[in-house]
Amino acid sequence: MTTPHQHPRLAVLGAMNGDLVARVQRAPGRGETVADGILARQAGGKGANQAVASARLGADVSMIGAVGTDDAASHLVRAIADAGVDTTGIQIVDGESGTALIVVDADGENSIVVCPGANLRIDPERVVVDADTAILAQLEIADAVIERAIEQTSGFVVINAAPSRPFSTDILHRADLFIVNEHEYAALPVLRDAPLVAVTLGAEGAVLLRRGVEVARAAGRPADVINTVGAGDAFAAALTLGILRGDETATALMRACAVGAAAVEDDSSQPLLHPLKTY
């Protein structure tokens with residue numbers, strides 16, 4: 001499936017956003033205003049979050065994405081560079097960088113509105129991936145960008161199919177592993193016959209399916225929940241890295257759940273993580 005490597009090379013394709021996070025006791029209902037918010041600005045986006053998590057867990061990571069020509073752009077690039085991610089594949093395009101408006105309640109649960117901005121203007125023709133590099137991508141960017149990358153490599157391909165939406169048959173047939181939560185899995189029946197699918201179950205852990213048949217299951221680890229925004233991204237990075245390292249599937253899944261639990265105990269969308277082997 002893949003050649004094990006303790007420090008695998010991984011290209012992460014995805015969104016880079018400036019997160020505007022409002023922490024409240026209770027999220028507002030429809031038509032309602034709550035006035036106790038505490039605002040924080042931080043770097044985010046599923047692609048950037050997964051790139052940072054992968055680097056902190058021990059991978060050699062390059063980021064492929066885009067930022068705009070606004071004031072937020074340099075901060076978004078610097079945040080992942082400071083985590084050890086190679087940023088040479090990040091394009092600069094006219095207009096606004098991506099922005100996410102996030103409400104986090106007292107239980108750590110969140111609701112998110114994404115304004116994609118530059119993330120939808122990545123030029124596929126400028127995407128370059130080495131021939132044996134593994135790929136981790138999400139669906140906050142255009143299919144054409146992912147297709148351009150996967151056609152250049154023979155490496156392991158992981159698709160975090162989030163947010164759930166229809167995607168091309170080229171991606172479906174090339175991906176070695178899909179990662180989804182239980183709601184995304186229900187919304188994407190095309191994954192029932194996929195070669196390998198990891199389904200996260202929140203606090204209950206995760207299950208690994210091979211063509212719809214369970215092959216591994218891991219329990220969730222108890223955690224003091226502060227913020228769930230980066231948990232799925234940390235899980236995806238950890239599972240990808242574990243498989244690339246050559247871990248047994250059950251071990252890789254268990255460690256990924258432990259990393260996801262650690263992520264919810266951090267206030268940031270790009271949590272401080274330890275090397276994967278410590279989980």
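Placement of Val61 and Phe235 within a single hydrophobic cluster is found when ILVMFWY residues are connected by side-chain heavy-atom separations under 4.5 Å, directly or transitively. Val157 and Val180 fall within the same hydrophobic cluster, where Ile, Leu, Val, Met, Phe, Trp and Tyr residues are linked whenever their side-chain heavy atoms come under 4.5 Å apart, directly or through other members. Following chains of ILVMFWY side-chain contacts shorter than 4.5 Å, one can reach Leu191 starting from Leu201, so the two form part of one hydrophobic cluster. Note on Val158: it does not cluster hydrophobically with Val190, by side-chain heavy-atom contacts below 4.5 Å among ILVMFWY residues. Taken together through direct or relayed side-chain contacts under 4.5 Å among Ile, Leu, Val, Met, Phe, Trp and Tyr, Met63 and Val114 form parts of separate hydrophobic clusters.
Under the ring-ring contact (aromatic ring centres under 6.0 Å, His included) criterion, the residue pairs touching residues 157-196 are Phe167-Phe178, with sequence neighbours excluded.
Under the side chain to side chain donor-acceptor pair (under 3.5 Å) test applied with Asn17, the options Asn119, Thr99, Asn49 reduce to a single match, Asn119. Of the listed residues (Leu13, Ile159, Val12), just one forms a side-chain contact (heavy atoms from CB on, under 4.5 Å) with Gln138, and that residue is Val12. Tested against Val145 for a side-chain contact (heavy atoms from CB on, under 4.5 Å), the candidates Ile150, Asp123, Ile122 yield a single pass: Ile122.
Around the CD atom of Glu204, the shell of radius 6.0 Å holds no more than 12 heavy atoms that belong to other residues, nucleotides or ligands. At most 12 non-hydrogen atoms from other residues, nucleotides or ligands lie less than 6.0 angstrom from CD1 of Ile38. The number of heavy atoms from other shown groups lying within 6.0 Å of CD (Glu151) is above 12.
The main-chain N or O of Gln42 is never found under 3.5 Å from a side-chain atom of Asp19 such that the two would form a donor-acceptor pair. Distance alone, capped at 3.5 Å, is enough to place a donor-acceptor pair between the Arg121 side chain and the Asp94 backbone. Judged by distance alone, with hydrogens and angles left aside, the side-chain atoms of Ser154 form a donor-acceptor pair with the main-chain N or O of Ala131 at under 3.5 Å. The backbone N or O of Gly205 sits nowhere less than 3.5 Å from a side-chain atom of Arg217 that would complete a donor-acceptor pair. Although no hydrogens or angles enter the test, the distance criterion places a donor-acceptor pair under 3.5 Å between the side chain of Arg56 and the main chain of Pro271. Counting only distance, with no hydrogens or angles, the side chain of Tyr279 and the backbone of His274 share a donor-acceptor pair below 3.5 Å. Within the 3.5 Å criterion, the main-chain N or O of Ile171 finds a donor-acceptor partner in the side chain of Ser168. Side-chain N or O atoms of Arg165 include one that pairs as donor or acceptor with a backbone N or O of Leu139 at under 3.5 Å. Judged purely by atom type and a 3.5 angstrom limit, Asp36 uses its side chain to pair as donor or acceptor with the backbone of Gln25. A donor-acceptor distance shorter than 3.5 angstrom exists from the side chain of Arg211 to the backbone of Asp193, with no hydrogens or angles considered.
Atom CG in Leu276 sits 5.0 Å away from atom CG in Leu241 (nearest 0.5 Å). Atoms CD and CD, on Gln270 and Gln50 in that order, are 11.0 Å from each other to the nearest 0.5 Å. With rounding to the nearest 0.5 Å, the separation of CD in Glu96 from CG in Asp70 is 4.5 Å. Taking CZ of Arg255 as the reference point, atom CZ of Arg245 lies at 5.5 Å (rounded to 0.5 Å). To the nearest 0.5 Å, atoms OG1 (Thr87) and CD1 (Ile64) are separated by 12.0 Å. Separation of atoms CG (Leu177) and CG (Leu196) is listed at 5.0 Å; rounding is to 0.5 Å.
Salt-bridge formation is detected for the pair Arg9/Asp132: a Lys NZ or Arg NE/NH1/NH2 atom is positioned less than 4.0 Å from an Asp or Glu carboxylate oxygen.
A side-chain N or O of Thr88 and one of Asp86 form a donor-acceptor pair less than 3.5 Å apart.
Between Val85 and Ala51 the shortest heavy-atom distance is CG2-O, 3.6 Å. When all heavy atoms are compared, the tightest approach of Gly37 to Val24 is CA-CG1, 3.7 Å. Contact record, Ala231 with Ala263: CA-CB, 3.8 Å, taken as the closest heavy-atom pair. Of all non-hydrogen atoms in Ala83 and Ala55, the two that sit nearest each other are O-CB, 3.6 Å. Taking both residues in full, the closest heavy atoms of Ala15 and Ile141 are given as N-CG2, 3.9 Å, listed atom of the first, atom of the second, then distance. Nearest heavy-atom pair, Pro195 versus Ala175, reported as atom, atom and distance to 0.1 Å: CG-O, 3.8 Å.
Here the side chains of Gln152 and Thr133 are not in contact, with every heavy-atom distance at 4.5 Å or above. In this structure the side chain of Ile90 never reaches within 4.5 angstrom of the side chain of Leu76, judged on heavy atoms. Side-chain contact between Ile92 and Val67 is present, with heavy atoms from C-beta onward closer than 4.5 Å.
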So Asp267 and Val104, side-chain contact (heavy atoms from CB on, under 4.5 Å) or not? Walk me through it.
CA-CA 10 Å; Asp267 191 46; Val104 181; over 6 Å; no

Is there a side-chain contact (heavy atoms from CB on, under 4.5 Å) between Ile226 and Arg23? Walk through the geometry before answering.
CA-CA 10 Å; Ile226 296 175; Arg23 301 196 66 89; 3.9 Å; yes

Given side-chain contact (heavy atoms from CB on, under 4.5 Å), test Ser111 with Val103 step by step and report yes or no.
CA-CA 5 Å; Ser111 56; Val103 175; 3.7 Å; yes

Take Ser54 and Thr240 through the test side-chain contact (heavy atoms from CB on, under 4.5 Å) and record every step on the way to the result.
CA-CA 8 Å; Ser54 298; Thr240 300; 5.9 Å; no

